[in-house]
2 protein chains.
Amino acid sequence: MIRRPTLAVVAEAAGVSLKTASRVLNREPNVAAATRERVLDAATSLGFRRNAVAADLARGGFSRLVGFITGDLANEFYSALASGIERELREHGLQLLTASSDEDPEREGSLTGELLERRVGALIVTPAGADHSALRGEIAAGLTVVVVDRPAAGIDVDTVVIDNRGGTRAAVGHLLAHGHRRIAFVGDEPHLWTYQERSTEFLDVMHDAGVPDAERWLRSGAHDAAAARGLVAELFAAPEPPTAVLAANNRATVGTLQALRDVPGGDGVAVVGFDDFELADLLGITVVAYDAVEMGRRAAELAVARSAEPDRAVELVVLPTRVLPRGSGERPPR
Amino acid sequence: MIRRPTLAVVAEAAGVSLKTASRVLNREPNVAAATRERVLDAATSLGFRRNAVAADLARGGFSRLVGFITGDLANEFYSALASGIERELREHGLQLLTASSDEDPEREGSLTGELLERRVGALIVTPAGADHSALRGEIAAGLTVVVVDRPAAGIDVDTVVIDNRGGTRAAVGHLLAHGHRRIAFVGDEPHLWTYQERSTEFLDVMHDAGVPDAERWLRSGAHDAAAARGLVAELFAAPEPPTAVLAANNRATVGTLQALRDVPGGDGVAVVGFDDFELADLLGITVVAYDAVEMGRRAAELAVARSAEPDRAVELVVLPTRVLPRGSGERPPR
DNA sequence: TTGTAAGCGTTATCAA
DNA sequence: TTGATAACGCTTACAA
């Protein structure tokens with residue numbers, strides 16, 4: 001259990017003062033070439049490694065860490081976000097500290113606290129809680145907050161979302177154009193912003209298309225595949241079943257496909273899924289796609305920009321979506 | 001841009017010394033209830049939040065952060081690992097710092113450096129590099145290192161892997177039991193340890209089963225789906241094509257399925273994939289499955305255990321795999 | 001039960 | 001170009 005050499009030790013070995021050694025190792029100007037050489041030699045021969053903890057403390061204010069609070073790291077959407085964030089942060093010499101809230105507002109709060117104790121320079125959050133006004137004080141104290149995937153209520157911060165309404169409109173339009181009228185919408189939990197955006201737009205488009213009572217085919221609660229499966233099975237057991245399904249997230253798509261496998265003639269039902277997934281291609285599933293990695297990257301970019309310039313105007317980034325026709329969404333109504 | 005109150009400010013507001021305030025906020029014993037009360041009140045009313053950076057520095061040694069260096073956070077296998085690690089660390093009041101190496105040994109090295117500067121208490125790594133003896137000094141200096149998914153060469157550290165050979169044996173045995181003899185193996189890059197384990201076992205089992213020249217159907221380089229697809233297409237274009245394919249990782253499985261779609265009679269070819277994936281169920285793909293989240297959890301557990309007791313014996317944890325028959329692996333040879 | 005004083009390993013200030 | 005010396009905000013001996 002050897003102790004690491006400190007900057008002071010390096011300085012002494014090089015025969016210079018602490019400050020000079022610090023200057024060299026931080027690539028600051030105004031150091032004689034010979035001095036620099038000596039310090040560098042001493043550092044490498046001693047195996048010096050700067051202590052970022054001490055550096056951050058001395059610098060005061062924030063550390064060079066950025067916190068990311070997400071719903072569930074095991075979900076491919078969130079991990080794609082994390083990947084994009086991490087890559088962008090690295091470009092700026094920042095490190096990523098991740099934490100999963102399990103979509104639990106209380107847990108989100110305590111994680112926020114822990115990250116703040118770590119003096120993260122910025123917090124990137126996919127908000128689980130309904131109200132984030134507790135962060136207002138932190139923001140006033142200089143904390144950068146960026147939310148991604150859905151807006152945060154109660155605070156006015158940089159936000160990165162996808163065009164949920166546009167994507168929904170395109171998806172429903174796609175099905176309508178293929179002759180469908182009885183279109184079902186299978187969505188996540190009603191309290192989620194993305195659900196609200198997508199379901200509202202669904203109803204609007206259906207209404208505009210002259211389909212009465214589209215609510216009949218609106219379902220919520222498909223937070224996992226099993227739930228979605230049940231909802232879809234139910235839809236097809238009822239009188240007047242739909243001829244097409246818009247599954248409003250990747251879990252819902254999986255559940256929908258599982259359910260349709262068991263429905264007589266289920267393979268004739270048109271399906272469009274929100275969120276692309278790796279095997280959608282192989283399965284021939286038409287989806288509303290967007291770039292989750294890019295979403296994360298943009299969020300990190302905003303975090304960096306705001307840290308550098310706290311007074312800049314708050315930005316809302318809306319990323320585009322597009323329908324990828326792969327067969328399942330192009331089937332005609334029976 | 002308000003400055004956060006420090007412990008000293010809280011102490012003053014409560015009319016106690018710095019140390020007493022510290023005691024209260026760290027839940028140390030031997031503080032009068034009334035004093036505690038006053039300090040707590042002062043802390044909340046001032047909006048105090050302890051500075052973990054300063055605390056870690058003062059405590060000396062390592063921070064309460066654990067670093068995880070992984071190949072690619074966007075890959076569902078690695079994010080499952082990360083998820084398991086994060087959950088376990090949280091139980092112990094530790095935080096997770098993630099970084100992606102893109103499977104690049106050089107990058108792995110620099111990331112290691114950055115995490116060490118941050119004085120992480122432990123490093124969990126899915127080794128990309130061939131040689132990790134550079135870490136030997138750090139380990140001697142008290143750093144905990146745990147490797148996961150594949151062993152690290154050059155250092156003797158706690159390791160968590162799955163039973164690659166057993167899984168391969170079971171998969172090949174499964175196909176042999178269904179009457180196959182011409183079984184192809186489509187694997188990742190040859191330099192990867194998992195490839196070596198799996199391919200070697202494949203050849204052994206084939207040999208033991210009396211199949212000569214199994215090498216004919218051994219392919220490597222399927223690091224992504226596209227590469228796998230090409231390899232499989234090639235296999236089936238050649239004379240004496242296989243009647244079954246063992247795809248040695250999740251990417252290879254996807255590529256195999258894509259390729260078989262284009263092969264006449266491809267839907268009659270038996271397929272077993274290494275690594276389970278969400279839609280394997282829906283697609284009816286037989287796989288060799290294991291629990292990646294648990295793998296991460298075990299790695300974190302080892303990291304915590306070793307940090308607490310640096311002299312404990314080095315552990316090698318081998319997690320079991322199991323074959324999940326779902327149809328694709330049970331097709332008879334044509 | 002409470003307090004004093006000395007670090008922890010940097011960076012920053014200001015003078016030389 | 002260099003160097004004392006004081007922060008940074010906390011923990012930990014050691015006293016009282």
Side-chain angles (χ1 to χ4, degrees), chain A residues 2-40 42-43 46-65 93 116-121 141-142, chain B residues 2-40 42-43 46-64 93 114 116-121 141-142:
Chain A
I2 309 119
R3 230 188 158 69
R4 299 217 75 91
T6 68
L7 194 52
V9 174
V10 173
E12 180 166 14
V16 298
S17 79
L18 187 63
K19 179 58 199 171
T20 300
S22 165
R23 268 194 271 261
V24 171
L25 293 165
N26 286 312
R27 297 180 179 71
E28 283 174 37
N30 299 332
V31 179
T35 315
R36 154 159 297 141
E37 207 57 28
R38 259 187 307 148
V39 173
L40 255 24
L46 287 169
F48 172 74
R49 191 155 258 157
R50 74 197 282 277
N51 184 331
V53 177
D56 280 345
L57 177 61
R59 215 175 349 245
F62 302 106
S63 68
R64 297 198 62 76
L65 296 172
L116 290 177
E117 288 187 0
R118 190 66 57 194
R119 292 300 188 267
V120 291
Chain B
I2 307 118
R3 229 190 159 67
R4 299 215 75 92
T6 70
L7 194 51
V9 174
V10 173
E12 179 166 12
V16 298
S17 78
L18 185 63
K19 177 57 201 173
T20 300
S22 164
R23 269 194 271 261
V24 172
L25 294 164
N26 286 312
R27 296 181 179 72
E28 283 175 38
N30 299 333
V31 179
T35 315
R36 154 158 298 139
E37 207 57 25
R38 258 186 308 147
V39 173
L40 254 23
L46 287 169
F48 172 76
R49 194 153 255 158
R50 73 196 282 276
N51 185 331
V53 177
D56 279 345
L57 177 60
R59 211 171 356 243
F62 302 107
S63 68
R64 297 198 61 77
E114 285 177 41
L116 290 176
E117 288 187 359
R118 190 64 60 191
R119 293 300 188 266
V120 291

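Convention: sequence-line order gives letters A, B, ...; per-chain numbering from 1.
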Exercise for review: Work out which heavy atom in B/L46 is nearest to a heavy atom in B/A13; give both atom names and the distance.
Suggested key: CD1-CB, 3.9 Å
Exercise for review: Mind checking the OG1-CG spacing from B/T35 to B/L40? Nearest 0.5 Å is all I need.
Suggested key: 11.0 Å
Point to revise | Interatomic distance where CZ belongs to A/R4 and C1' belongs to C/dC8 [whole Å] | key: 15 Å
Review point. What heavy-atom pair brings A/A42 and A/V10 nearest, and what distance separates the two atoms?
Key: CB-O, 3.9 Å
Revision key, fill the gap. Taking for B/A58 and for A/N26 the nucleotide of DNA chain C with the nearest heavy atom, the one nearer the 5' end belongs to B/A58
Practice item. May I have the distance from A/L7 (atom CG) to C/dA12 (atom C1'), rounded to whole angstrom? Key: 13 Å
Review point. Does B/R59 have a side-chain nitrogen or oxygen under 4.0 Å from the phosphate oxygens OP1 or OP2 of C/dG7?
Key: no
Distances under 3.5 Å between protein N/O atoms and the N/O atoms of nucleotides 1-5 of chain C, please, pair by pair.
{"unit_1": "C/dT1", "atom_1": "OP2", "unit_2": "B/N30", "atom_2": "OD1", "d": "2.6"}
{"unit_1": "C/dT2", "atom_1": "OP1", "unit_2": "B/T35", "atom_2": "OG1", "d": "2.6"}
{"unit_1": "C/dT2", "atom_1": "OP2", "unit_2": "B/A32", "atom_2": "N", "d": "2.7"}
{"unit_1": "C/dT2", "atom_1": "OP2", "unit_2": "B/T35", "atom_2": "OG1", "d": "3.4"}
{"unit_1": "C/dG3", "atom_1": "OP2", "unit_2": "B/S17", "atom_2": "N", "d": "2.8"}
{"unit_1": "C/dG3", "atom_1": "OP2", "unit_2": "B/S17", "atom_2": "OG", "d": "3.2"}
{"unit_1": "C/dG3", "atom_1": "OP2", "unit_2": "B/T20", "atom_2": "OG1", "d": "2.7"}
{"unit_1": "C/dG3", "atom_1": "N7", "unit_2": "B/R23", "atom_2": "NH2", "d": "2.8"}

Revision key, fill the gap. Heavy-atom closest pair (A/V31 atom, A/R23 atom, distance to 0.1 Å) is CG2-CB, 3.9 Å
Review point. What integer distance in Å separates A/F62:CZ from C/dT11:P?
Key: 19 Å
Review point. With a 4.0 Å cut-off on heavy atoms, is A/D56 in touch with a base, just the backbone sugar-phosphate, or nothing at all?
Key: nothing
Point to revise | Spatial distance of atom OG1 (A/T6) from atom CZ (A/R49) [nearest 0.5 Å] | key: 15.0 Å
Practice item. Would you mind telling me which residue lines up with the more 5' stretch of DNA chain C, A/S22 or B/L57, judged by nearest nucleotide? Key: B/L57
Check your understanding: Ion pair present between B/R50 and A/E117, side-chain N to carboxylate O less than 4.0 angstrom?
Key -> yes
Exercise for review: Measure the spacing between CZ of B/R118 and CZ of A/R64 and express it to the nearest 0.5 Å.
Suggested key: 8.5 Å
Point to revise | Segment of DNA chain D, first to last nucleotide, that comes within the 4.0 Å heavy-atom reach of chain A | key: D/dT1 to D/dG9
Study note, to complete from the structure: In short, A/L7 meets A/F48 closest at the heavy-atom pair N-CE1, 3.5 Å
